[in-house]
Amino acid sequence: TAHVPSTVALGSLLNATDSASLLPGGAETLQSVTWDWGDWTIDSLTTIGSVNHRYALPGSYAVRVHLLDVFSQAADVTDTVTVTVAAPTVTIATSGTLYSSLPIAFDGRGSQAAPGDSLVSSHWDFGDWTTASGAVVSHSFTAPGTYGVTLTDSTKYGLAATATRTVTVLDLATLTLRNRPLGIPF
């Protein structure tokens, strides 16, 4: 028999095993083992045991193991493996005290795609009817208040994930300079 896991994450090593029990003469008569991974990759071996493979793309693959003995008797087993991709992990960073009418930097560079995948777009919604695109953006809120800033990252395999961070924007009039409110002459 052959054992192929039914699912594996993209970029992870798949470990499969075969057995000569499919051959009438068993392992003593084994001549070759051929693994066809269903992705145009074939491994040819001369021993029974475990073999590793790493898929480059997500999808479902028919994995075929072909055992041949010294008497030209063959055994074939086909199984299916599904290579999955996890959604990206999305993070939002900003620093400092946030004031209305002043530009605020929002950083999504901490977001990560799953191994084997990559981020292709970042879309921001600032919760005040404005949006922006890019991993790092600057935005000015026109009024003080509490806003839900949402970042949606998408990957080359069409997966998307969203994170929301609540930010409190203070009134610019409360900003002080050298312990004096703005607008008061020195």
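Atom set for the values below is all heavy atoms of this structure, side chains included, hydrogens, waters and symmetry mates excluded.
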Exercise. When rounded to the nearest 0.5 angstrom, what is the spacing between CG in Leu67 and CH2 in Trp35?
Worked result: 8.5 Å
For this session: Would you name the heavy atoms of Asp117 and Leu10 that are closest together and state the gap between them?
Result: N-CD2, 4.3 Å
For this session: Please round to the nearest 0.5 Å and tell me the distance separating atom OG of Ser32 and atom CG of Leu45.
Result: 9.0 Å
Problem set entry | Non-hydrogen side-chain atoms of Ser140 and Ser101 separated by less than 4.5 Å | no
Exercise. Regarding Thr150 and Thr164, is there a side-chain donor-to-acceptor distance under 3.5 Å anywhere?
Worked result: yes
Exercise. Given the rule in the side chain to side chain contact (heavy atoms under 4.5 Å, CB included) test, do Thr97 and Leu170 qualify, once you have shown the distances and angles that lead to the verdict?
Worked result: CA-CA 8 Å; Thr97 305; Leu170 303 175; 3.5 Å; yes
For this session: Check Ser100 against Ala143 and note the closest heavy-atom contact, atom names and distance.
Result: CB-C, 3.8 Å
Seminar exercise, completed: For Ala16 and Trp37, the nearest pair of non-hydrogen atoms, with its separation, is CB-CH2, 4.0 Å
Exercise. Would you say the side chain of Asn15 lies within less than 4.5 Å of the side chain of Pro5, judging by non-hydrogen atoms?
Worked result: no
Exercise. What pair of heavy atoms forms the shortest contact from Pro144 to Asp171, and how long is it?
Worked result: CB-N, 3.6 Å
For this session: For side chain to side chain contact (heavy atoms under 4.5 Å, CB included), just list the numbers for Asp128 and Thr142, CA-CA rounded to whole Å, side-chain angles, deciding distance to a tenth of an Å, and then say yes or no.
Result: CA-CA 9 Å; Asp128 64 353; Thr142 58; 5.6 Å; no
Exercise. Is Val8 linked to Tyr157 within one hydrophobic cluster, defined over Ile, Leu, Val, Met, Phe, Trp and Tyr using a side-chain heavy-atom separation of less than 4.5 Å?
Worked result: yes
Exercise. In Å, rounded to the nearest 0.5 Å, how long is the span from OG1 of Thr34 to CZ of Arg64?
Worked result: 8.0 Å
For this session: Classify the ring geometry between His53 and Tyr55 as parallel (under 30°), tilted (30 to 60°) or perpendicular (over 60°).
Result: perpendicular
Exercise. What residues, two or more places apart in sequence or in another chain, satisfy salt bridge (Lys or Arg N to Asp or Glu O under 4.0 Å) together with Arg54?
Worked result: none
Exercise. Is it the case that one hydrophobic cluster holds both Leu119 and Val137, taking links as side-chain heavy atoms less than 4.5 Å apart, direct or via other members?
Worked result: no
Seminar exercise, completed: Taken to the nearest 0.5 Å, the spacing of Gln31 CD from Ser72 OG works out to 6.5 Å
Exercise. Cluster question for you: counting only ILVMFWY and a side-chain heavy-atom cut-off of under 4.5 Å, with indirect links fine, are Leu102 and Phe141 together?
Worked result: no
For this session: Classify the angle between the aromatic ring planes of His139 and Phe126 as parallel (below 30°), tilted (30 to 60°) or perpendicular (above 60°).
Result: parallel
For this session: Rounded to the nearest 0.5 Å, what's the gap from OH on Tyr147 to CG on Leu98? Could you check?
Result: 11.0 Å
Exercise. Does some side-chain heavy atom of Pro88 sit less than 4.5 Å from a side-chain heavy atom of Ser111?
Worked result: no
Exercise. Do Trp124 side-chain atoms and Val149 backbone N/O form a donor-acceptor pair below 3.5 Å?
Worked result: no
Exercise. So if you build clusters from Ile, Leu, Val, Met, Phe, Trp, Tyr with side-chain heavy-atom gaps below 4.5 Å, do Val51 and Val77 land together?
Worked result: yes
For this session: Verify side-chain hydrogen bond (donor to acceptor under 3.5 Å, both in side chains) between Asp125 and Thr131, making sure each step is shown before the conclusion.
Result: CA-CA 5 Å; Asp125 182 335; Thr131 61; over 6 Å; no
Exercise. Are Val81 and Leu57 joined in one hydrophobic group, where the rule is that I, L, V, M, F, W and Y side chains link up if heavy atoms are under 4.5 Å apart?
Worked result: yes
Exercise. Passes side chain to side chain contact (heavy atoms under 4.5 Å, CB included), Leu30 versus Asp69? Steps please.
Worked result: CA-CA 4 Å; Leu30 177 72; Asp69 70 10; 5.8 Å; no
Exercise. What are the two closest heavy atoms between Lys156 and Gly116, and how far apart are they?
Worked result: CE-O, 3.6 Å
Exercise. Asp107: what forms a salt bridge (Lys or Arg N to Asp or Glu O under 4.0 Å) with it, not counting sequence neighbours?
Worked result: Arg109
Problem set entry | Non-hydrogen atoms of Pro103 and Ser138 that approach each other most closely | CB-OG, 3.4 Å
Exercise. Do the side chains of Leu151 and Phe106 get nearer than 4.5 Å, heavy atoms only?
Worked result: no
Exercise. Just checking, any donor-acceptor pair under 3.5 angstrom between side chains of Thr152 and Thr162?
Worked result: yes
